[in-house]
A.B. asks: 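Can you read through this structure? Questions will come right after.
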There are 2 protein chains.
Amino acid sequence: MSGIESRLAALRWRYTPVMARRNYPKGAAKREEILDVALETVAENGYNAATIRTIADAAGLSKTGVGHHFASKHELLTAVLARRDESGVEATHDAGVDLIFEVIREVLARNAKDTGLTELYIRLAAEATDPQNVAHQFFVDRYERLETFGIAELAELQRAGGVPRDMDLRVLSVLISSVVDGLQLRLLYDSTLDPEPIVDALRELLATAAKAAPHS
Amino acid sequence: MSGIESRLAALRWRYTPVMARRNYPKGAAKREEILDVALETVAENGYNAATIRTIADAAGLSKTGVGHHFASKHELLTAVLARRDESGVEATHDAGVDLIFEVIREVLARNAKDTGLTELYIRLAAEATDPQNVAHQFFVDRYERLETFGIAELAELQRAGGVPRDMDLRVLSVLISSVVDGLQLRLLYDSTLDPEPIVDALRELLATAAKAAPHS
DNA sequence: GTCTATACAAAGATAGAC
DNA sequence: GTCTATCTTTGTATAGAC
């Protein structure tokens with residue numbers, strides 16, 4: 001509805017796992033409960049603790065009971081990530097032309113605290129690198145959406161003079177999302193690291209360069 | 001010896017795993033052979049294929065035979081990575097003030113081809129995120145070395161006018177290594193992606209911004 | 001449709017014989 | 001220094017109860 005909402009639309013999507021079924025209220029409820037438990041387990045005890053056994057126990061059913069709702073462990077964890085993505089970009093309401101940097105700031109600030117979820121993201125992304133992995137397509141789609149969002153937002157910022165005119169926005173978009181990914185990995189190795197100055201440095205670099213050659 | 005060599009020195013180090021033993025010629029030879037086989041396995045069939053069983057078979061001994069030389073799978077794979085690091089930055093002989101970007105270009109170009117090794121790096125880095133992991137300290141040390149190298153080289157580049165004067169070099173160093181990490185993950189999802197324009201964009205951004213405010 | 005019990009396979013780690 | 005054998009923990013697949 002608001003302008004911000006339509007601009008954020010590219011970041012939102014529905015992940016529909018193979019076993020997602022409709023019109024089964026009881027099953028759907030249990031499904032959500034399993035996702036809740038999985039999220040909590042990952043958040044509190046990390047990726048290694050998120051075994052099917054542990055999650056099944058905490059959700060009050062057997063291992064195969066979980067298997068009824070999710071075809072595999074990776075599919076379950078992908079659903080957890082997808083849900084997190086959906087709820088991740090709400091609070092950004094007062095952004096202007098640099099919405100993209102506001103979103104990044106928010107995501108990184110949150111992830112610097114929730115190391116368990118950051119670990120889930122990094123490890124799942126690393127494992128789903130294999131095209132055979134069930135989560136592979138999820139990340140491919142995700143990168144595509146991020147790029148669509150990035151290019152659109154960077155074009156806006158470019159018009160406002162925050163990005164050099166002759167800059168290839170697709171290249172810049174990949175650059176920025178790589179920084180975000182790399183920083184998240186880095187945060188897991190150094191919890192004292194503050195990601196904000198790093199992203200700010202890039203933003204200022206872009207602004208300075210844009211002012212340097214305004215008509216090129 | 002040469003100036004380049006001493007500048008690259010910060011990138012070199014010896015990884016000494018727990019079970020590394022000295023003065024056992026036969027053991028050391030077998031150790032090297034296992035590392036060769038492991039590297040080859042990862043390079044050709046990817047991370048998932050690099051099981052202790054597979055490596056042991058290819059090296060002509062049993063699973064526990066491998067265990068005699070390496071305390072765990074992660075220790076073995078860390079040794080493979082460490083060896084790769086050592087041999088990874090040799091050919092850069094005609095670099096000037098932007099040695100750091102030459103090194104990055106070379107590393108990324110190689111890794112874009114050797115996807116198996118890139119997968120090893122990304123997946124091991126993701127798994128060793130857990131401080132309990134035997135490979136954790138390896139990556140902590142590695143990041144520290146990269147930062148030392150990065151700051152030193154960026155200072156040189158800054159003096160030459162390739163980096164803005166008021167820029168925090170530690171921040172910039174983390175920014176750059178995050179780009180490299182993030183790009184490697186990205187390359188595994190999109191083999192058509194050329195990393196060079198992305199790194200070049202950052203380099204040019206720095207140069208343009210440096211010229212914009214030369215005395216600040 | 002929802003779930004349990006059982007079984008199976010693969011991987012990594014460990015103990016002790018030679 | 002290397003092997004055989006065993007153990008444990010994963011995740012997954014099958015059969016069937018309600």
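None of these values were measured; they are calculated from a predicted model.
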A.B. asks: Rounded to whole angstrom units, what separation is found between the OH atom of Tyr47(B) and the C1' atom of dG12(C)?
C.D. replies: 12 Å
A.B. asks: Round to the nearest Å and state the distance from Asp57(B) atom CG to dG12(C) atom P.
C.D. replies: 12 Å
A.B. asks: Side-chain donor-acceptor pair under 3.5 Å between Thr115(A) and Thr118(A), yes or no?
C.D. replies: no
A.B. asks: Identify whether NZ of Lys or CZ of Arg in Arg83(B) sits under 6.0 Å from the centre of the six-membered ring of Tyr15(B) and within 45° of that ring's axis.
C.D. replies: no
A.B. asks: Charged N to carboxylate O below 4.0 Å: is that the case for Glu196(B) and Arg105(B)?
C.D. replies: yes
A.B. asks: Starting the side chain at C-beta, find the nucleotide from dT2(D), dC3(C), dA11(C) nearest to Thr51(B).
C.D. replies: dA11(C)
A.B. asks: Expressed in angstrom and rounded to an integer, what is the separation of Gln132(A) atom CD from dG11(D) atom C1'?
C.D. replies: 18 Å
A.B. asks: I want to check one thing: is the phosphate of dC3(C), taken as OP1 and OP2, less than 4.0 Å away from some side-chain N or O of His69(A)?
C.D. replies: yes
A.B. asks: For Ile176(A) and Phe101(A): C-alpha separation, side-chain torsions, deciding distance, then whether side chain to side chain contact (heavy atoms under 4.5 Å, CB included) applies.
C.D. replies: CA-CA 10 Å; Ile176(A) 291 173; Phe101(A) 284 107; 4.2 Å; yes
A.B. asks: Taking the minimum atom-to-atom distance to the side chain of Ser72(B), which one of dT4(C), dG12(C), dA13(C) wins?
C.D. replies: dA13(C)
A.B. asks: Starting from P on dT10(D), measure out to NZ on Lys73(A) and report it in whole angstrom.
C.D. replies: 9 Å
A.B. asks: Tell me: CZ of Phe70(A) to P of dC3(C), nearest whole Å?
C.D. replies: 12 Å
A.B. asks: On the ring face of Phe70(A), is Lys63(A) found with NZ or CZ under 6.0 Å from the centre and within 45° of the axis?
C.D. replies: no
A.B. asks: Atom CZ of Arg53(A) to atom P of dT4(C): distance rounded to whole Å?
C.D. replies: 12 Å
A.B. asks: For the side chain of Leu61(A), starting at C-beta, report the closest nucleotide among dT2(D), dT4(C), dG12(C).
C.D. replies: dT4(C)
A.B. asks: What is the distance, to the nearest angstrom, from the CD1 atom on Ile55(A) to the C1' atom on dT10(D)?
C.D. replies: 13 Å
A.B. asks: Ignoring the backbone of Ile52(A), work out which of dA13(C), dT2(D), dT12(D) is nearest its side chain.
C.D. replies: dT12(D)
A.B. asks: Report, one pair per line, the protein and nucleotides 5-8 of chain C atoms (nitrogen or oxygen only) whose separation is under 3.5 Å.
C.D. replies:
| residue | atom | partner | partner atom | Å |
| --- | --- | --- | --- | --- |
| dA5(C) | N6 | Thr64(A) | OG1 | 3.2 |

A.B. asks: Measure CG/Leu77(A) against P/dT12(D) and give the value in whole Å, please.
C.D. replies: 10 Å
A.B. asks: Between Asp85(B) and Arg142(B), is there a side-chain N and carboxylate O pair less than 4.0 Å apart?
C.D. replies: yes
A.B. asks: Please tabulate, for side-chain N and O atoms in residues 147-157 of chain A, each donor-acceptor pair with protein atoms closer than 3.5 Å (sequence neighbours left out).
C.D. replies:
| residue | atom | partner | partner atom | Å |
| --- | --- | --- | --- | --- |
| Glu147(A) | OE2 | Arg170(A) | NE | 2.9 |
| Thr148(A) | OG1 | Glu144(A) | O | 3.1 |
| Glu153(A) | OE1 | Arg7(A) | NE | 3.3 |
| Glu153(A) | OE1 | Arg7(A) | NH2 | 2.7 |
| Glu153(A) | OE2 | Arg7(A) | NE | 3.0 |

A.B. asks: Taking only side-chain N and O atoms of His68(A), does any of them lie within less than 4.0 angstrom of OP1 or OP2 on dC3(C)?
C.D. replies: no
